[in-house]
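First listed ligand is number 1; within each ligand, the first listed atom is number 1. In what follows, residues are counted from 1 in the order of the sequence shown.
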Amino acid sequence: MPDNEVISPQLRDFLPQGAVIEGLLRTLQEGTWVHAYLITGAEGVGKRTLAREMARYLLCTGENRPCGVCEACQQVLNDSHPDMIRVRPGYRVASDLETDRGKHDIIVDTIRELISRVSEHAYEGQVRISIIEQSDRLNQAAQNALLKTLEEPPDNVIFLLLTDTPSALLPTIVSRCRHIALHPWDDAKVEQVVKAYGYSGMKTVQAVHVAAGSIGKALRMAGDDSYWEKRSQIMEQFMNLPDRSSIYGVANKWKDAKDTADELLDILEDMVRIMLLCHNGQGSMDLMSDFPEPWKRMVKEGDNTGIVHLLMGIQTARAKRMSQVTWTAVLERLLLDVMEEKAKWSV
Ligand SMILES: [Zn+2]
């Protein structure tokens, strides 16, 4: 197991993200933090980790904050600190609240309850922290309730709004928050973190490349056996399709996979992304060691039209899946696109 330092990156590990983090650290140290932050960035880039580390820094009772050993630090890490409240879609702040309607959104009752709880005196720390994950899922009424509080915030309360889609928030909410934009990490950093978690080998390297700067995605992929199992099936059946006559058989095998179609298309796209990286020289050909020969040839000898063709085929399949076209027909079309490209590079 990796040590705790790595599992709980400290705020300074975010410093490569640039001046915005330097500024944040300074205000936390000086106690000049503001009452609302909007933390944005793609999935897996570290929004929740950053929010939790901010909470740990502010609630820690040790000498060198965050000390990592005091009770408060531990409570933040296992989500049980009474002065830190996390809200996310479908989450009930209080179990007696009827919030079933909120299964897919963060509703106004949840926000009202949150506001009433953070407005009480802090239990242990000097400050109460409320983290709203996927804040783009706040519905209209919830956003309005939150806005009122952001306009006249209670003392010593910090709201951390997390989202990958800030445009879904009212501009008036956004303008009341200090914006911390997290950017994709470079591959070397992603690899360093994933390896620190004990992952290694070609799958790990492939995960790092496919994750496109998302540490969360790379970690999820590296540790997800079912992803690699499905990937090898897709490699075998889609990417190694012998000829046109076998399309029907393969489509038939996957015809019941409509519910997991996104997963299938995502994995296929991950593969094509690896091809693109190898083609552009951003990844070594080792990344394609488990690809059938024709694809290696295409990547080495072809221009990028084949790769674009595959990407467009996947995009078309995504769009058609939502339409009235049957899933089997979508699959057959996609397999034909793959087949045509592969045929060009088969000897
Ligand atoms: Zn501590």
Side-chain angles (χ1 to χ4, degrees), residues 1-41 44-88 91 93-94 114-135 153-162 177-182 185 189-190 192-198 215-216 219:
M1 273 305 282
D3 62 31
N4 223 19
E5 277 258 315
V6 180
I7 295 180
S8 316
Q10 309 229 334
L11 286 168
R12 62 171 176 276
D13 286 339
F14 281 88
L15 283 171
Q17 290 276 344
V20 68
I21 299 293
E22 281 169 37
L24 173 67
L25 282 184
R26 210 166 32 245
T27 56
L28 290 177
Q29 273 157 1
E30 294 167 357
T32 53
W33 38 265
V34 297
H35 66 271
Y37 290 87
L38 176 64
I39 304 176
T40 63
V45 87
K47 299 184 293 294
R48 264 181 306 179
T49 306
L50 178 63
R52 197 186 56 201
E53 288 304 308
M54 288 172 71
R56 215 152 69 100
Y57 187 91
L58 291 164
L59 295 172
C60 173
T61 54
E63 292 262 307
N64 289 315
R65 292 184 293 163
C67 71
V69 290
C70 73
E71 198 186 356
C73 276
Q74 294 303 319
Q75 284 177 322
V76 169
L77 286 186
N78 60 33
D79 226 354
S80 63
H81 198 292
D83 291 325
M84 181 183 82
I85 306 173
R86 277 170 65 209
V87 166
R88 51 199 176 279
Y91 173 74
V93 169
L114 171 74
I115 290 165
S116 112
R117 275 186 58 185
V118 294
S119 303
E120 294 161 7
H121 287 295
Y123 290 90
E124 291 177 4
Q126 302 296 311
V127 63
R128 280 141 298 160
I129 295 155
S130 74
I131 301 173
I132 304 177
E133 295 177 9
Q134 291 177 264
S135 59
D155 285 341
N156 293 327
V157 174
I158 300 183
F159 288 91
L160 304 179
L161 278 64
L162 280 45
C177 298
R178 186 167 292 171
H179 191 182
I180 301 174
L182 297 179
W185 298 88
K189 173 71 181 175
V190 179
Q192 182 200 338
V193 175
V194 175
K195 285 191 166 159
Y197 272 76
I215 290 175
L219 280 173

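For the atom pair CD (Gln74) and NE2 (His81), the distance works out to 11.5 Å, reported to the nearest 0.5 Å.
Side chain of Gln134 to backbone of Leu162: no donor-acceptor contact under 3.5 angstrom is found. In this structure, Trp185 contributes its side chain and Ile215 its backbone to no donor-acceptor pair below 3.5 Å. Remark: side-chain polar atoms of Lys47 are paired, donor with acceptor, to backbone N or O of Gly41 under 3.5 angstrom.
The distance cut-off of 2.8 Å around the Zn ion (ligand 1) captures these protein N, O or S atoms, sorted by chain and number: Cys60 SG, Cys67 SG, Cys70 SG, Cys73 SG.
The number of heavy-atom neighbours closer than 6.0 Å to CD of Glu30, taken from other residues, nucleotides and ligands shown, is above 12.
Side-chain contact between Leu161 and Tyr37 is absent, with no heavy-atom pair separated by less than 4.5 Å.
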